Amino acid sequence: MLRTLPLHKRHIPASRIALGCMGLGGDWDHQPITAEHIKQGHEAVDAALSIGINMFDHADIYTRGKAEKVFGQIFKDRPELRENIIIQSKCGIRLMEPGDTSNVFDFSGAHILNSVDGILSRLGIEYIDILLLHRPDPLMDPEEVAAALHKLKAAGKVRHFGVSNMSAGQIKLLQAYCDEPFIVNQLHLSLAQISWVDAGISVNREPWKDITFPEGTLEHCRTENIQIQAWGPLAQGLFSGRSLENQPENIVNTAAMVQRIARERGTTPESIVLSWLMTHPAAIQPVIGTVNPLRIAACADADKLELTRKEWYDLYVSSRGQKLP
Ligand SMILES: NC(=O)c1ccc[n+]([C@@H]2O[C@H](COP(=O)([O-])OP(=O)(O)OC[C@H]3O[C@@H](n4cnc5c(N)ncnc54)[C@H](OP(=O)(O)O)[C@@H]3O)[C@@H](O)[C@H]2O)c1
């Protein structure tokens, strides 16, 4: 049974898979974008559209703004595209510049408002469909965040809001101050990053490994109709052809299992890896990060497949590297 995305329940007709655009625009530097970057962008968008993807995920920081600039040129070349796709972007991380010691997170009202103006200007569009707050800023003032989001909504610059890398508690805190619902939480989830499943089965037991997934987050998103998106869903190709040199045994074994199930099902390893996420009843929406048209095409079967309970558990236990209690 294919799951209905929470976004659909909110009348946002998003595809089951989104294309992440972090790979567009070349290196994370201040060099201008090139004709080659734009060609790569067109080819990635075409490959995505051809398998039914209509949602594109950006962030103000990706390749230091160049990913959005590439997309801005795509919109210039194909203005009809804008109304047929869903654009999501993110703000709240400030990249390190010379003289800084680190990136920092910044949910100040001024930073959020400036970021969105930058996003719209680089994309060359009047509104984005969804704005995510990228990573929780420990210094955030929820009232100040709420005021900034209210301004963006009132100005017609952003239609919907969401968060990324946030726990249930952090979402609840922000939501207590914001009138607009947070409709997305984008998290690191994949067949290699399985802490979100481990967390659920470790209740009342000795802790299993280092469970990094915040307790109750999946459940909160599901009960509040918040779309869970998975970043890193292809595990950077670990199970679909990337070199396994120096990888631990559980990853090597799981890659072999993915290949076997793909052969048995007559599909690609990429589609099996994604369907492992999509078979879960939380209706997870993978945000694939490849910009290679062949790899995008290899994801095509994921939203038609449903793994059996045995296949799903076999893959989970293999990646976990230890039997369940
Ligand atoms: N919210 C957040 O904090 C956050 C953090 C990171 C990413 N994101 C979003 O999530 C999207 C996906 O994340 P991701 O890129 O980390 O995840 P991913 O989809 O797991 O991995 C994609 C990356 O792996 C490479 N890859 C895939 N298969 C490969 C193979 N067989 N061999 C070699 N390389 C392979 C791709 O290169 P090719 O392009 O060459 O195929 C690409 O660089 C991003 O684009 C971004 O939109 C969000």
Side-chain angles (χ1 to χ4, degrees), residues 14 17-28 36-37 40-41 43-45 47-48 51 53 55-63 65-68 70-71 86-95 103 105 119 123 128 130-137 162-167 170-171 182 184-194 196 212 217 227-245 247 251 254-255 258-259 262 268-278 284-299 302 319:
I17 297 174
L19 185 76
C21 296
M22 192 170 73
L24 296 180
D27 295 328
W28 291 56
E36 191 51 41
H37 295 146
Q40 182 190 42
E43 287 171 358
V45 168
I51 64 160
I53 291 178
M55 182 163 184
F56 295 83
D57 179 69
H58 284 271
D60 55 358
I61 57 169
Y62 289 165
T63 54
K66 292 194 291 177
E68 288 177 337
V70 167
F71 227 87
I86 295 166
I87 291 286
Q88 173 173 277
S89 192
K90 316 183 195 74
C91 70
I93 299 179
R94 282 167 29 146
L95 289 182
N103 295 340
F105 307 150
I119 290 166
L123 289 171
I128 54 172
I130 308 178
L131 175 73
L132 306 187
L133 299 171
H134 207 153
R135 283 190 182 275
D137 170 13
V163 298
S164 179
N165 304 302
M166 285 206 198
S167 67
Q170 289 167 327
I171 298 172
F182 290 103
V184 168
N185 189 13
Q186 190 177 107
L187 297 155
H188 191 189
L189 317 171
S190 75
L191 185 53
Q193 184 71 27
I194 53 170
W196 60 285
T212 52
T217 297
Q227 179 66 57
I228 298 168
Q229 295 178 341
W231 66 262
L234 290 169
Q236 283 77 40
L238 264 187
F239 305 117
S240 51
R242 206 177 93 193
S243 164
L244 292 168
E245 208 180 312
Q247 289 297 329
I251 294 293
T254 307
V258 167
Q259 306 278 344
T268 59
E270 285 85 349
S271 287
I272 295 297
V273 168
L274 296 178
S275 69
W276 184 77
L277 287 171
M278 294 162 80
I284 293 165
Q285 185 185 33
V287 181
I288 58 171
T290 177
V291 291
N292 174 330
L294 292 177
R295 279 205 258 276
I296 294 172
C299 300
S319 177

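For ligands, and for the atoms within them, numbers begin at 1 and follow the listed sequence. Keep in mind that this is a model prediction, so the values were computed, not measured.
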The protein heavy atom nearest to atom 37 (O) of ligand 1 is Arg295 NH2, 4.1 Å

Close approach of Arg135 to ligand 1, heavy atoms, under 4.0 angstrom
yes

Do me a favour and list the nearest non-hydrogen protein atom to atom 47 (O) of ligand 1 with residue, atom name and distance?
Asp57 OD2, 2.6 Å

Does any N or O of ligand 1 fall below 3.5 Å from an N or O anywhere on Gly23, backbone included?
no

Sub-3.5 Å donor-acceptor pair from the side chain of Arg135 to the main-chain atoms of Ile93, do we have one?
no

Main-chain N/O of Met166 paired with Asn185 side-chain donor or acceptor, under 3.5 Å:
yes

When distances are taken from atom 19 (O) of ligand 1, the protein heavy atom at minimum range is Gly289 N, 2.7 Å

Please confirm whether the backbone N or O of Leu24 pairs with a side-chain atom of Thr63, one donor and one acceptor, at under 3.5 Å?
yes

Go through ligand 1 atom by atom and flag the ones less than 4.0 Å from a non-hydrogen atom of Asn165.
1 (N), 2 (C), 3 (O)

Examine distances only and state if a side-chain atom of Thr254 and a backbone atom of Ser319 form a donor-acceptor pair shorter than 3.5 Å.
yes

For the residue pair Gln186 and Asp57, confirm or rule out a side-chain donor-acceptor distance under 3.5 Å.
yes

Ile288: numbered ligand 1 atoms lying under 4.0 Å from its heavy atoms:
12 (C), 19 (O)

Give yes if a backbone or side-chain nitrogen or oxygen of Gln186 is under 3.5 Å from a nitrogen or oxygen of ligand 1, and no if not.
yes

So which heavy atom in the protein is nearest atom 10 (O) of ligand 1, and how far is it from that ligand atom?
Trp231 CB, 3.3 Å

Pairing donors with acceptors under 3.5 angstrom, does anything connect the side chains of Ser190 and Gln193?
no

For atom 8 (N) of ligand 1, closest protein heavy-atom neighbour
Tyr62 OH, 3.2 Å

Heavy-atom donor-acceptor pair, Lys90 side chain to His58 backbone, under 3.5 Å
yes

Min N/O separation Leu234 to ligand 1 under 3.5 Å
yes

among protein heavy atoms, the one nearest atom 16 (O) of ligand 1 is Gln236 NE2, 2.6 Å

Considering the heavy atoms of Ala235, write down every atom of ligand 1 situated less than 4.0 Å from one of them.
20 (O)

Quick note on ligand 1: atoms under 4.0 Å from a heavy atom of Cys21 include exactly 45 (O), 47 (O)

Could you tell me which atoms of ligand 1, counted from 1 in the order shown, lie closer than 4.0 angstrom to a heavy atom of Ser240?
31 (N)

Which ligand 1 atoms are under 4.0 Å away from a heavy-atom of His134?
1 (N), 2 (C), 3 (O)

Which atoms from ligand 1 have a heavy atom of Gly232 less than 4.0 Å away?
12 (C), 13 (O), 14 (P), 16 (O), 17 (O), 18 (P), 20 (O)

Identify the protein heavy atom lying closest to atom 38 (P) of ligand 1, giving its residue, its atom name and the separation to 0.1 Å.
Thr290 OG1, 3.5 Å

Mind checking whether Leu131 and Ile119 have side chains closer than 4.5 Å, heavy atoms only?
yes

Ala298 backbone acceptor or donor facing Thr268 side chain under 3.5 Å
yes

Taking side chain as C-beta onward, heavy atoms only, is Ser240 less than 4.5 Å from Val258?
no

Can you name the atoms of ligand 1, numbered from 1 with element, that are less than 4.0 Å from a heavy atom of Met22?
6 (C), 7 (C), 15 (O), 44 (C), 45 (O), 46 (C)

Considering only protein heavy atoms, which is closest to atom 11 (C) of ligand 1, and at what distance to one decimal place?
Val287 O, 3.4 Å

Trp28 and Leu95, any side-chain heavy atoms less than 4.5 Å apart:
yes

Which class fits the ring pair Tyr62 and His134: parallel under 30°, tilted 30 to 60°, perpendicular over 60°?
perpendicular

